[in-house]
Amino acid sequence: VKDLRSFLRALEQVEPIVDVTRAVSYDRELPAVVKLLESKGNPVVYFDHVAESDMPVICGVHGTRERIALALGSPLDRALDDYVDRVTRGVAPVVTSSAPVKDVIRTGDQVDIGQLPIPIHADKDGGRFLTAAVGVALDHANGNVNTGIYRMMVLDRNHLTVGTGGHLRDIIEEAHAAGREMELVIAVGHHPAFQVSSQAKVPRTQDSLEVAGALLGEPLAIASAETVDVPVPAAAEIVLEGRFVPGRTEPDGPFGESPRYYESGYGYVLEVTAVTHRSDAVFMDINNVHQEHRCLSTFPAREGQLLAALRAVYPHTRAVLMPLSTAAMHAYISIDPTRDGEARQVLLVALGSNPRLKHAVVVDTDVDITDHEHVLWALTTRFQGDRDLIVVPNVSGTSMDPSSYTLDDRFAVGELRTQVGFDATKPVSLPFRERADIVGSPYDAIDLEEYVVSDDEPAAAPWRAGGHVGAPA
Ligand SMILES: Cc1cc2nc3c(=O)[nH]c(=O)nc-3n(C[C@H](O)[C@H](O)[C@H](O)COP(=O)(O)O)c2cc1C
């Protein structure tokens, strides 16, 4: 069965995990270490000893595209295409009676979520936030299971806020309006393909646990919960079960969000009715202002959503990429245009297909969109601001963009944005200056190993001791 541990074993075959064995506090110290390591290779970090808790913590599991591709079992350059294909094919979960996450079961008065090593991350975060916790809910409208990661702030030993703006918000509102109880299972620490599946931009008519099976490459093992009627991912490290308190919400910020700005909002209050975990459980954390947050929500889910939307109209769309620093608000699109103006249509589809997207740059397929320098080169040499720019003001978007506005500018931050499309492709029907490059003969035949000498056999060059010797006579 695939779980967090099986992934970490596989990961250690390809990259080291950084171990921290000294005691660290979950109150900003642990996230500070993760932040300092971000610029030093952005590794997975294992904290063996958290001062305030018995549980160790793992951070950074979804911190790079390479790690997510490994989790999906795809080579990095195929991972997005594979994802777009796999996400549409459901693999049904299997019920198991062997659930490691049930090693320890605490219900009723024994529940104390404060004992978990839930960190305070950014300087001004308003509390301890669960950030890598996948909420699992039953969608009463269709009987499907819906999953997603939501920021969850600890209120007291058995209450937390669930800050959902997605499908779960609608599901909760609909259930409570119909006088139904709304329950939630929260899974902390599973195989990263499970966390990735929770990010899939699929409609409510698609069962999220089937998406999980498709991405794991095996059916997700599920078990019954102790106190609610929602399936439990059996191979998780930790599970919380609970019931939303009808009509009760609480402020849940400030919270450092994925675009690296604080946001304050509200969350639905969940009463936690059970905590179960493995006997040697590892708590999973995502540093909310770290690249890991942006990476997991962007790749492959949001990029895949854009690629699929574009291919539905332009099947020859080669690839898309959202630079991680932009929190999925900015995209590069690679196409092979067949006629003039097609790139602009691609831009219109891209901007229209995705409420979060703010800027899209479309380039020809000779531009490597995984390299910002190449995209900038195309923008500089194939784009003119007065003819190749599409500007669409007053488009609804996300309050996550702190420069968004309202129609009457009454508030500093609204939910309207100006979408911008950059057509940096060459004309199709007109000649365009040829790109200067070094390709073909004799370059293709050169094997650098036959040319470049190793450091321990340097040439006798004029500036080196002994001077220039030259070729043997
Ligand atoms: C680390 C992390 C934190 C997230 N926090 C939230 C959140 O607080 N609220 C929210 O609505 N979405 C959040 N998301 C995004 C949702 O999990 C994602 O959009 C998911 O697809 C929502 O499920 P849905 O598509 O069924 O609505 C977060 C994603 C990640 C990776």
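Computed from heavy atoms alone, side chains included, the values below leave out hydrogens, waters and symmetry copies. Keep in mind the model is a prediction, meaning the values are calculated, not measured. Order of appearance sets the numbers: ligands from 1, and atoms from 1 within every ligand.
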Just wondering, more than 12 heavy atoms not from D229 lying within 6.0 Å of its CG?
-> no
Residue N146 vicinity, atoms of ligand 1 by number, heavy atom under 4.0 Å | 26 (O)
Within 45° of the ring axis of Y26 and under 6.0 Å from its six-membered ring centre, is that where the NZ or CZ of R128 lies?
-> yes
For H121, which residues count as a ring pair (Phe, Tyr, Trp, His ring centres under 6.0 Å) partner, sequence neighbours excluded?
-> none
Check whether any heavy atom of T147 sits under 4.0 Å from an atom of ligand 1.
-> yes
Would the F255 and F129 ring centres measure less than 6.0 Å apart?
-> yes
Short list, please: which atoms of ligand 1 are under 4.0 Å from a heavy atom of T131?
-> 1 (C)
Which ligand 1 atoms, with their elements, are less than 4.0 angstrom from a heavy-atom of S198?
-> 20 (C), 21 (O)
Among V202, I149, V162, closest by heavy atom to atom 28 (C) of ligand 1 is I149
Keeping to residues at least two apart or across chains, list the salt bridge (charged side-chain N to carboxylate O under 4.0 Å, His left out) pairs with something in residues 137-166.
-> D139-R204, R151-D252, R151-E257, R151-E263
Below 6.0 angstrom between ring centroids: does that apply to F7 and H190?
-> no
Which atoms from ligand 1 have a heavy atom of G166 less than 4.0 Å away?
-> 11 (O), 27 (O)
Atoms of ligand 1 under 4.0 Å from any heavy atom of G163, numbered from 1 in the order shown, are 7 (C), 8 (O), 9 (N), 10 (C), 11 (O)
